[in-house]
Q: 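Dropping the structure in here first, questions after.
All values below come from the heavy atoms of this structure, side chains included, with hydrogens, waters and symmetry mates left out. We count residues from 1, following the sequence as given. Only a predicted model underlies this, so the values are computations on that prediction, with no experimental measurement involved.
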Amino acid sequence: MALEHSSSTSPQHAVDFEAVGSSYFQERELKKGAAGWVLLVGLGVAYVISGDYAGWNFGLAQGGWGGLFIATLLMATMYLCMCFSLAELSSMVPTAGGGYGFARTAFGPLGGFLTGTAILIEYAIAPAAIAVFIGAYCESLFGIGGWMVYLAFYIVFIGIHIFGVGEALKLMFIITAVAALALGVFIVAMVPHFSVANLMDIAPTTAAGASAFLPFGYVGIWAAIPYAIWFFLAVEGVPLAAEETKNPQRDMPRGLIGAMLVLLAFAGLILLVGPGGAGSSTLIESGNPLVEALTTAYGSSTWMSGFVNLVGLAGLIASFFSIIFAYSRQIFALSRAGYLPRKLSLTNRNKVPVLALVIPGLVGFALSLTGQGDLLILVAVFGATISYVLMMASHITLRLRRPDMHRPYRTPGGIFTSGVALVLACIAVIAGFLVDPRVVVGAAIIYGIFIAYFAFYSRHHLVAGTPEEEFAAIEKAEAALH
C-alpha cells in the first residue's frame, strides 16, 4: 500500500493515508437503496421510542415534574434545532459515517474521529440500558429477567441484522408501529385520571428555589436534563443509513424532521398524562413506568395495562433493534476509513458488517449485567452530547467557511438555529456531572482511550478513497479555487 503524508494539519495532528485497491472497498460494501424516507421516519422513531416507555421517569427523582418539564422543553428545542441542522449536513455529505462525516468535512480527520467515537460511545451503551429495561418488562410479564433475557435479545437481534439490512429495517418499522399504537392507548387511558395535583405530589426540599413545581429547586432542572434527553436520544442516527437510502439528498431531511415531529408529540403527551394520572412520586424509580401508571390510576391491573406491558416490550425492542443498526454503521464507517481496526468493516454476502455488530454487542451485554439502567443512560448521554456539540460546530463552520457548498436542503434560520442547539448541547454536557460525576468521569476516560489510539496509531494508517475522505478532498480542491 502506498503512503501519502497529509500536510493539511499541524505536525502534532498530521495524518498518513494509505492508498488501497478496489478489492478493499468491494469487501466493505453496504446494500444500496434499501430505505426510502418513510422507512427513515420509522428508523428515527424506532431509535428513540423506548425512551417513552422507560428511563425518562428517573428525571422526576432529579428535578420533580416541573424540573423535568422545563428540562424537556429545553432538550426538545435542542433536538428540533439539531435535526434541522443535520438535515442540511446529511443532504451535503450523505455517507454511512453520519456525524463523523460532517465533522471530517468541517474540521479534518481529528474532528471526524472525535465526533465518530463520541457517537459510538452513545450507541454502544444505549442498547445495554435498554436491555436492562427489557429485562424489567419481561420480569413483569413472564417472571423471567436478568442476564438470560439480556443475552437472548442480543443474540436474536444481532442475528437478524446479520441476515440483511432490508429485512431488518422493515421488521423494525412494523415493531415501531405497534409500539406507537400502545403509546396511543396509554395516553387515551390516562386522560380521565389526569390531575394537576398529581404532577406536583413530590414534597419540596430545602434546595434554592424549591417549590411544589420545582421540589428540588433550580438545580433540579439541570440534573433532570440527561433524562429529558432520553425522550429524543439517538434520533440523530438517521443519517447513518445514508449509503443504504434510495435518494439521501431528498430522503434524509424528510426522515429526520418527520421522526422528530412524531417524537415531540409523544414526549409532551406522556410527560403530561403519565405523572398527571398516577402521581409523579409513584413513577420516580419504576423500571416499567407506563404500566405502573395505569395500574395506579385504575387501582389494579386491567386489559390496558396488560396490553401496554406486552406491546411496551415491542417499543423497547424497536429501539434496541435499531440502535444496534446505528452502532454497526458508525463502526463500519470509522473502520473502513482506518480510524478503527479495518477488519471491523468487512461485510458478508448480505452486505452487512458482521464484526461491527458482534463486538459492541458483547461489550453491551457485559455492561447490561450491572443492571444499572439509569447510570448507563448517563454514559450514553455523555457520548451523545459531546457529538452534538461537534456536529453543530460543524454546521456553523461549513456555513461560514464554505457558503458555496451544494446544499440540497438548507436549515431554516441558518447558523442561528445550529447555534441554539450548540449552546443547549454544551449545557447538557455539564448536566451529567450533577447526577453522578463518577459515571461521567468514567465515560470521559473511555473517550480518552479512544483519542490516545488515534494519536499514537490510527492517524498514521488512514485509508484514502473512502466516501468521507473523497468529500473532504473535493471540498478542499473547490476551496482552493476560490
Q: So, taking the atom named NE2 in His395 and the one named CG in Leu89, what distance separates them when rounded to the nearest 0.5 Å?
A: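 Between atom NE2 of His395 and atom CG of Leu89 there are 5.5 Å.
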Q: Tell me, do Arg402 and Met92 make a side-chain contact under 4.5 Å, heavy atoms counted?
A: no
Q: Under 6.0 Å between ring centres: does that hold for Tyr123 and Tyr327?
A: no
Q: Evaluate the side-chain proximity of Met252 to Leu40: yes if any heavy-atom separation is below 4.5 Å, no if none is.
A: yes
Q: Give a yes or no answer on whether the side chain of Tyr53 reaches the backbone of Asn288 with a donor-acceptor pair at less than 3.5 Å.
A: no
Q: Say you draw a straight line from OG1 of Thr417 to CG of Leu422; how long is it, rounded to the nearest 0.5 Å?
A: 12.5 Å
Q: Please examine the side chains of Phe231 and Val48, heavy atoms only from C-beta on, and report whether any two atoms are closer than 4.5 Å.
A: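 No, every pair of side-chain atoms sits at 4.5 Å or beyond.
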Q: Is the number of heavy atoms from other residues, nucleotides or ligands under 6.0 Å of Phe69 CZ greater than 12?
A: no
Q: Going from OH on Tyr79 to CG on Leu86, what distance comes out if it is rounded to the nearest 0.5 angstrom?
A: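 Answer for the OH-CG pair, Tyr79 versus Leu86, is 10.5 Å.
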Q: For a side chain to side chain contact (heavy atoms under 4.5 Å, CB included) check, start with the C-alpha distance between Trp65 and Leu60, then their side-chain angles and the critical distance, and finish with the verdict.
A: CA-CA 6 Å; Trp65 187 83; Leu60 296 170; 4.2 Å; yes
Q: Is any side-chain heavy atom of Pro353 closer than 4.5 Å to one of Ile331?
A: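 No, too far: nothing below the 4.5 Å cut-off.
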Q: Are Tyr154 and Phe320 close enough that their ring centers fall under 6.0 Å?
A: yes
Q: Charged N to carboxylate O under 4.0 angstrom, Arg410 versus Glu88?
A: no
Q: Rounded to the nearest 0.5 Å, what separation is found between the CE atom of Met392 and the OG atom of Ser85?
A: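 Here the rounded value is 4.5 Å.
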Q: Is the ring centre of Phe157 less than 6.0 Å from the ring centre of Phe321?
A: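 Centroid separation for Phe157 and Phe321: below 6.0 Å.
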Q: Indicate yes or no for a side-chain donor-acceptor contact from Asp52 to the backbone of Ser50 under 3.5 Å, with no hydrogens or angles considered.
A: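 Such a contact is absent between Asp52 side chain and Ser50 backbone.
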Q: Answer yes or no: is there a donor N or O on one side and an acceptor on the other, between the side chain of Ser319 and the main chain of Leu316, under 3.5 Å?
A: no
Q: Using atom types as modelled and distance alone, determine if a side-chain donor or acceptor of Thr296 lies under 3.5 Å from a backbone N or O of Ala278.
A: no
Q: To the nearest 0.5 angstrom, please state how far the OG atom of Ser281 sits from the CG atom of Asp201.
A: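 If we round to the nearest 0.5 Å, Ser281:OG and Asp201:CG are 3.5 Å apart.
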Q: Side chains of Val235 and Val45: does their closest heavy-atom pair fall under 4.5 Å?
A: no
Q: For a 4.5 angstrom cut-off between non-hydrogen side-chain atoms, does Met78 reach Tyr388?
A: yes
Q: I'd like to check Leu367 versus Val363 (side-chain heavy atoms, cut-off strictly below 4.5 Å). Are they in contact?
A: yes
Q: For residues Tyr227 and Trp56, establish whether the separation of their ring centroids is below 6.0 Å.
A: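 Ring centroids of Tyr227 and Trp56 are no less than 6.0 Å from each other.
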Q: Are any non-hydrogen side-chain atoms of Glu122 and Leu233 less than 4.5 angstrom apart?
A: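 When only atoms from C-beta onward are counted, Leu233 and Glu122 do touch, with a gap below 4.5 Å.
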Q: Would you call the rings of Phe454 and Tyr339 parallel, tilted or perpendicular, taking 30° and 60° as the class edges?
A: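 Answer is parallel, since the angle falls under 30°.
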